[in-house]
Amino acid sequence: MTTDPGTADRSLRSTDFGDRAHRRYWWHRTGGRSYAPPVYSDLTEAEWAVMEAWFEDSERVGSGGEMSVPMISVLQGFIMGSGIRSIVQLGHYKGYSTLMIGMMLRRMGVEKGLVSIDIDKGMTEGVQGWLARAGLEAQVRLIVSDSAAPGMPAAAEVILGRAPRCLIIDSSHQYAHTLRELDLWWDALAPGGLMFLHDCSDYARGWDSTGEGGVRRALEEWLPRHPETAALMLEGNPNADGPVAYADGCGLCMMQKPPAAPLA
Ligand SMILES: C[S@@+](CC[C@H](N)C(=O)[O-])C[C@H]1O[C@@H](n2cnc3c(N)ncnc32)[C@H](O)[C@@H]1O
């Protein structure tokens with residue numbers, strides 16, 4: 001029998017994050033969650049070293065706009081649990097979800113599996129540096145653009161070699177822009193594909209810089225126009241014994257596009 005020398009350490013990863021003051025560590029501070037989530041304990045030593053350095057570096061410049069453990073765990077469950085090989089993300093910010101998904105794809109043996117689009121050129125250059133450091137350039141391609149620009153689905157499909165089977169929307173959080181993203185990318189999503197939207201909770205309406213009701217309002221108007229869509233809209237609360245079980249107060253919406261033909 002061989003023993004993985006990293007096993008003991010893996011179970012301790014991030015267990016000290018709850019002691020850190022930055023607001024981004026809310027998951028580790030609340031709910032008695034003093035364990036390493038599988039999204040971290042699954043990583044190799046080298047991958048975890050990159051993520052630790054990423055946390056340190058991005059914290060120095062005061063950021064904390066990435067999705068947190070609940071949403072990346074949901075994504076890992078679907079991507080790795082089902083072997084999803086063509087993914088588009090709208091909004092990569094400093095690269096947390098981009099790195100984490102890239103590492104999932106590498107473990108799955110997939111190249112050119114994630115296209116991530118962000119309007120911020122400087123941010124994208126920084127993420128490209130992290131991808132190089134993590135050795136994920138074969139798995140991930142970044143594009144600088146408005147994520148609702150009409151040419152983006154075709155550009156993503158050329159890179160992926162097929163239509164995306166998973167779409168992750170985590171960009172402007174603005175009502176009107178999210179509506180445009182939904183219309184554009186729902187058409188681009190492969191039949192039977194999955195779409196995830198962060199920040200769909202009632203609480204997250206406030207993230208809309210235009211003050212028009214955010215992702216939640218966009219979904220409230222878009223979903224009734226697509227009654228064929230299977231959708232689940234989760235509210236969240238970080239407390240373990242809070243009013244709902246899902247931990248991310250920003251919420252999560254998941255939708256399945258109908259398959260091209262009914263399944264036999
Ligand atoms: C919440 S952050 C994304 C976090 C990222 N998914 C993560 O978990 O690490 C939102 C990002 O959306 C980008 N964004 C805002 N408006 C956009 C637009 N119109 N088109 C594309 N990206 C946009 C911002 O530049 C920012 O980097």
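Position 1 is the first residue of the sequence; numbering continues from there. All ligand and atom numbering here is 1-based and tracks the order in the structure.
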Report summary line: For atom 2 (S) of ligand 1, the closest protein heavy atom turns out to be Y93 CB, 3.6 Å
Query raised in the report: Looking at S145, which atoms of ligand 1 are within less than 4.0 Å of one of its heavy atoms?
Result: 20 (N), 21 (C)
Report task. Report yes or no: do E181 and S147 form a side-chain donor-acceptor pair below 3.5 Å? Result -> yes
**Report entry** Side chain, backbone, both or neither: Q89 near ligand 1, heavy atoms under 4.0 Å
**Finding:** side chain
**Report entry** Proximity to ligand 1 by part of H173, non-hydrogen separation under 4.0 Å
**Finding:** side chain
**Report entry** Point-to-point distance, once rounded to the nearest 0.5 Å, from CH2 of W185 to CD1 of I169
**Finding:** 9.0 Å
Query raised in the report: Numbering the atoms of ligand 1 from 1, which are under 4.0 Å from a heavy atom of E66?
Result: 7 (C), 8 (O), 9 (O)
For residues 130-145, tabulate all N or O donor-acceptor pairs below 3.5 Å that involve a side-chain atom, not counting sequence neighbours.
from, atom 1, to, atom 2, distance (Å)
R141, NH1, E137, O, 2.7

**Report entry** Atoms in ligand 1 with a heavy atom of H92 nearer than 4.0 Å
**Finding:** 5 (C), 9 (O)
Report task. Consider every N or O of I119 and every N or O of ligand 1, then say whether any pair is closer than 3.5 Å. Result -> yes
Query raised in the report: Looking at atom 20 (N) of ligand 1, what's its closest protein heavy atom, distance included?
Result: S147 N, 3.0 Å
Query raised in the report: Which of the listed options, I143, D118, D120, holds the heavy atom that is closest to atom 24 (C) of ligand 1?
Result: D118
Query raised in the report: So, R13 and E45, do they make that salt bridge, N to O below 4.0 Å?
Result: yes
Query - Atoms of ligand 1, numbered as shown, that sit under 4.0 Å from any heavy atom of S172 - result: 15 (C), 16 (N)
**Report entry** Nearest-neighbour protein heavy atom for atom 4 (C) of ligand 1, which is reported as residue plus atom name and distance
**Finding:** D170 OD2, 3.3 Å
**Report entry** Protein heavy atom at shortest distance from atom 12 (O) of ligand 1
**Finding:** S171 CA, 3.3 Å
Query - Heavy-atom nearest neighbour in the protein, as seen from atom 7 (C) of ligand 1, with distance rounded to 0.1 Å - result: S97 OG, 3.0 Å
Report task. Give a yes or no on whether a salt bridge exists between D202 and R205, defined as a side-chain N under 4.0 angstrom from a carboxylate O. Result -> yes
Query raised in the report: Are more than 12 heavy atoms from other residues, nucleotides or ligands located less than 6.0 Å from atom CZ of R106?
Result: yes
Query raised in the report: Is any NZ, NE, NH1 or NH2 atom of the basic residue among R20 and E56 found under 4.0 Å from an Asp or Glu carboxylate oxygen of the other?
Result: no
**Report entry** Nearest-contact summary for atom 18 (C) of ligand 1 - protein heavy atom, Å
**Finding:** H177 CE1, 3.6 Å
Query raised in the report: Would you call K94 and E66 a salt bridge, taking side-chain N to carboxylate O under 4.0 Å as the test?
Result: no
Requested in this report: Evaluate the ring planes of Y96 and Y40, with Trp represented by its six-membered ring, and classify them as parallel (under 30°), tilted (30 to 60°) or perpendicular (over 60°).
Outcome: perpendicular
Query raised in the report: So, do Y246 and W27 have ring centers that fall under 6.0 Å from each other?
Result: no
**Report entry** Atoms in ligand 1 flagged as close to G65, the criterion being non-hydrogen separation under 4.0 Å
**Finding:** 1 (C), 2 (S), 4 (C)
Report task. Just jot down the ligand 1 atoms closer than 4.0 angstrom to any heavy atom of Y96, in number order. Result -> 9 (O)
Requested in this report: Could you say whether the N/O atoms of G91 and ligand 1 ever approach to under 3.5 Å?
Outcome: yes
Query raised in the report: Would you call the rings of W222 and H226 parallel, tilted or perpendicular if under 30° counts as parallel and over 60° as perpendicular?
Result: parallel
**Report entry** A148 contact mode with ligand 1 (heavy-atom cut-off under 4.0 Å)
**Finding:** neither
**Report entry** Sub-4.0 Å atoms of ligand 1 with respect to non-hydrogen atoms of D146
**Finding:** 18 (C), 19 (N), 20 (N)
Requested in this report: Specify the protein heavy atom at minimum distance from atom 8 (O) of ligand 1: its residue, its atom name, and the distance to 0.1 Å.
Outcome: M67 N, 2.9 Å
Query - Linked hydrophobic residues, M123 as query - side chain contacts closer than 4.5 Å - result: Y93
